[in-house]
Protein chains: 2
Amino acid sequence: MLTDRQLLILQVIVDDFIRSAQPVGSRSLSKKEGISLSSATIRNEMADLEEMGYIEKTHTSSGRVPSVKGYRYYVDHMLSPQRLTQHDISIIKSIFAEKIVEFEKIIQRSASILSDLTNYTSIVLGPAVSENKLKRIQIIPVNKETAVAIFVTDTGHVEHKMFSLPASVNPGDIEKTVNILNERLNGVPLEELNDKIYKEVAVLLKQHIQNYDSMLHTFAQLLKMPITEKLFFGGKTNMLSQPEFHDIDKIRDLMMMIDQEEWISSIIRNNAKGIHVRIGSENNNKIMDECSLITATYSVGEEKLGTIAILGPTRMEYSRVIGLLQFLSRDLTAVLTKLYQNN
Amino acid sequence: MLTDRQLLILQVIVDDFIRSAQPVGSRSLSKKEGISLSSATIRNEMADLEEMGYIEKTHTSSGRVPSVKGYRYYVDHMLSPQRLTQHDISIIKSIFAEKIVEFEKIIQRSASILSDLTNYTSIVLGPAVSENKLKRIQIIPVNKETAVAIFVTDTGHVEHKMFSLPASVNPGDIEKTVNILNERLNGVPLEELNDKIYKEVAVLLKQHIQNYDSMLHTFAQLLKMPITEKLFFGGKTNMLSQPEFHDIDKIRDLMMMIDQEEWISSIIRNNAKGIHVRIGSENNNKIMDECSLITATYSVGEEKLGTIAILGPTRMEYSRVIGLLQFLSRDLTAVLTKLYQNN
DNA sequence: ATTAGCACTCATGTAAGAGGAGTGCTAACA
DNA sequence: TGTTAGCACTCCTCTTACATGAGTGCTAAT
């Protein structure tokens, strides 16, 4: 266990390093107010903290830097979310200023504002559309061979897709089919559409439609489209200003990973409810060894709907970022709940 | 005027510098095959070329580097578009492999493939939707207060927007209005919709609709939405691999400018038909002083529809990039023409 | 238990010098 | 008159050496 004094020293080291990005030495610590110990005493304590793995040296005679374990302890036991300033709050509130709620825009603005407020990179995952309920299907022929299918959900989300019309189909049949689909599939969550069309709609189609086979096939194909929520990023270039990324190769790897979206996506989509912090090597990704990722979810009711996240250096302002994420996730939850309950 | 020998030397300097990124010295030039001159002679010629402004030194005793004027001459008079390899061609063709033409996807894939083939950053501007003709308007109520308006064009493009329903409107009136709009506005280019609604539709609405005023206002508002084509980027991180951008500050400025989209957008949207090359300071933008931008348009018939572009260092493989852009812009034109004439 | 003192380590910055690639100029040559 | 060899000079780059300073660990005194 750590003594009170060790806790104090660890805390000051982390705080100081987060601020300055410079390894913290015993002498500079001893001169801090709130600490009335000689540098020698601090050196002894630091040696102990190092032995326990909370801090590290960058070379034999350098000051100390928090280790992953150190940051972890700091985040788990010493940190309280920063209270936001009035200024921060008003900026976040401005996200929701416009009256008509176009959700994608809110998400996008959230990402951009979050990165502005933190100077890190922000990532926002839109609300799970696949759980939205179908409101209306519309088929609009574009020319003889192709048509556009449009799906509108109860939250006002619109998906659309072009497709080839089955050969020799007659317009009346399409209309009939669409009517049947709307009647039967109204209120069904998007992810269950494909199921339902076989179980409930197929029979009806068979009764009313000539070109039953190709029609069913076409629509089943349409409904099979995977609905993956888009990721929105903000401040991708902010990382370039961090002193730990002076090395262009590191930056390149990192930026390529971000642009790839693959790794980020897998993390962001599969995280559990609440706020989570992944520090450095905890990310299980070489490229992320010097980065931390903080994720927060937003929900409606009990159900997690989407995620907002901040990616920054391990030397990140955890307190501030967690404070901001907490606040924004609550606001998003509130807005969404209102939107979803309005139906 | 430049003598043949000066032309030769200029060409070799540009080619060599594009390949190696190293200033070219007289001695290494004299050893090139195809050149049987002593280094002293070449030094004399180089001095002349420098005096005329085609090449520069980085310091008093360095080799020569092409100036903007030098690149300009090279591009205008010495360059023929590279013939593509079979491999290049098949990769470009793969963009159009999928049968059903979802245009946004084609654009996106074009950007990504273009950046892969060149290792530079690619920028693609989608076809001008504002000239597409309206095929169908659809209004779908989401809840009591809001509805989604959906616009489908003759090319299968879909725009949608949420809006507040006017207070105390009755459903029948909305339906009637939509019918009138569809009847009257079918085939009208999107950019002219706002005009037409006042000139032709307003009168009809007045006759048939109770809530004439608020209805007209609502729809006019909807149709006023600015339809700006999206920009798609590919290989934003490729710049990080260019040796001229070893400096992190330069890279940051450049990346921020790209992410901003403002400057790029203004250039890309306003360029004339055909292929254009902007070299270094010709871009009138400090940040772009060491970059070149090559743009190409694609069209249907005589009309320019969109733009594809490559952003790279001034030391860019002009010949290859122009070859690729030419080829791709022709292919895009072909596909689009087919798509647009199918109606 | 705390601290003063000291020897030691290592990153950083500066200065000096060697090496090398390149230039401009001059004079000789064809 | 155009071409080339030769040479002095410039300036970048790399290495080495050295001084400085921040920081450490350890020991002994308080």
Side-chain angles (χ1 to χ4, degrees), chain A residues 1-10 12-17 19-67 70 243-244 246-247 315, chain B residues 1-10 12-14 16-17 19-67 70 243-244 246-247:
Chain A
M1 263 326 288
L2 295 178
T3 66
D4 281 358
R5 201 163 67 182
Q6 286 170 333
L7 288 181
L8 176 65
I9 291 175
L10 176 56
V12 177
I13 289 175
V14 176
D15 283 337
D16 205 67
F17 184 67
R19 211 181 29 76
S20 69
Q22 297 299 324
V24 185
S26 57
R27 206 176 121 74
S28 73
L29 263 195
S30 74
K31 281 189 293 188
K32 274 245 154 60
E33 63 175 316
I35 296 186
S36 47
L37 296 167
S38 74
S39 62
T41 310
I42 293 175
R43 277 201 291 285
N44 289 329
E45 296 286 22
M46 281 169 125
D48 291 348
L49 283 170
E50 181 170 12
E51 205 177 356
M52 291 185 277
Y54 292 102
I55 53 181
E56 298 168 344
K57 285 186 281 195
T58 59
H59 59 87
T60 40
S61 70
S62 78
R64 302 310 209 290
V65 159
S67 66
E244 31 268 276
H246 249 299
D247 179 10
R315 186 187 63 75
Chain B
M1 260 325 286
L2 295 178
T3 66
D4 282 357
R5 201 163 66 182
Q6 286 171 333
L7 288 181
L8 176 65
I9 290 175
L10 177 56
V12 177
I13 289 175
V14 176
D16 205 67
F17 184 67
R19 210 180 30 75
S20 69
Q22 297 299 324
V24 185
S26 58
R27 207 176 119 75
S28 73
L29 261 196
S30 74
K31 282 190 295 187
K32 275 247 154 57
E33 63 174 317
I35 296 186
S36 47
L37 295 166
S38 75
S39 61
T41 310
I42 293 176
R43 275 202 292 285
N44 289 330
E45 296 287 22
M46 283 169 123
D48 290 349
L49 282 170
E50 180 169 11
E51 205 177 355
M52 290 185 278
Y54 292 102
I55 53 180
E56 299 167 344
K57 285 187 281 194
T58 59
H59 58 88
T60 41
S61 70
S62 78
R64 301 308 210 290
V65 159
S67 66
E244 31 267 276
H246 249 300
D247 180 10

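Order of the sequence lines fixes the chain letters, A, B, ..., with proteins taken first and strands second; residue numbering starts at 1 for each chain. Note that the structure is a prediction, hence the values are computed from the model and not measured. Computed over heavy atoms, backbone and side chain alike; hydrogens, waters and symmetry mates excluded.
- The stretch residues 39-53 of chain A participates, sequence neighbours left out, in these salt bridge (Lys or Arg N to Asp or Glu O under 4.0 Å) pairs: A:Arg5-A:Glu45, A:Glu50-A:Arg64.
- Pairs passing the ring-ring contact (aromatic ring centres under 6.0 Å, His included) check and including a residue from residues 28-66 of chain A, sequence neighbours excluded, read A:Tyr54-A:Tyr73.
- Under the side chain to side chain donor-acceptor pair (under 3.5 Å) criterion, A:Gln22 pairs with no residue at all, not counting sequence neighbours.
- In this view, B:Ser38 and B:Thr41 satisfy the side chain to side chain donor-acceptor pair (under 3.5 Å) rule, not counting sequence neighbours.
- Here the CD1-CD1 distance, from A:Ile13 to A:Ile55, works out to 4.0 Å after rounding to the nearest 0.5 Å.
- Within 4.0 Å of B:Thr41, counting heavy atoms only, lies at least one base atom of the nucleic acid.
- Take A:Ser62 and apply the side chain to side chain donor-acceptor pair (under 3.5 Å) test, not counting sequence neighbours, and it matches A:Thr58.
- The side-chain contact (heavy atoms from CB on, under 4.5 Å) search around A:Asp4 returns A:Leu7, not counting sequence neighbours.
- Across the helix from C:dA1-D:dT30 to C:dA30-D:dT1, the helix axis at one end is tilted relative to the axis at the other end by 20° (nearest 10 degrees, each axis from five pairs).
- The stretch residues 28-38 of chain B has no heavy atom under 4.0 Å from DNA chain C, so no residue of it qualifies as close.
- Applying the salt bridge (Lys or Arg N to Asp or Glu O under 4.0 Å) rule to A:Lys32 yields the partners A:Asp16; only residues at least two apart in sequence or on another chain are considered.
- The side chain of A:Ser61 contributes no N or O atom lying less than 4.0 Å from OP1 or OP2 of D:dA22.
- With a cutoff of under 4.0 Å to any heavy atom of chain A, the contacted region of DNA chain C is bounded 5' to 3' by C:dT2 to C:dA11.
- Within residues 46-56 of chain B, no residue has a heavy atom under 4.0 Å from DNA chain D.
- Among residues two or more places apart in sequence or in another chain, the salt bridge (Lys or Arg N to Asp or Glu O under 4.0 Å) test is passed with B:Glu244 by B:Arg315.
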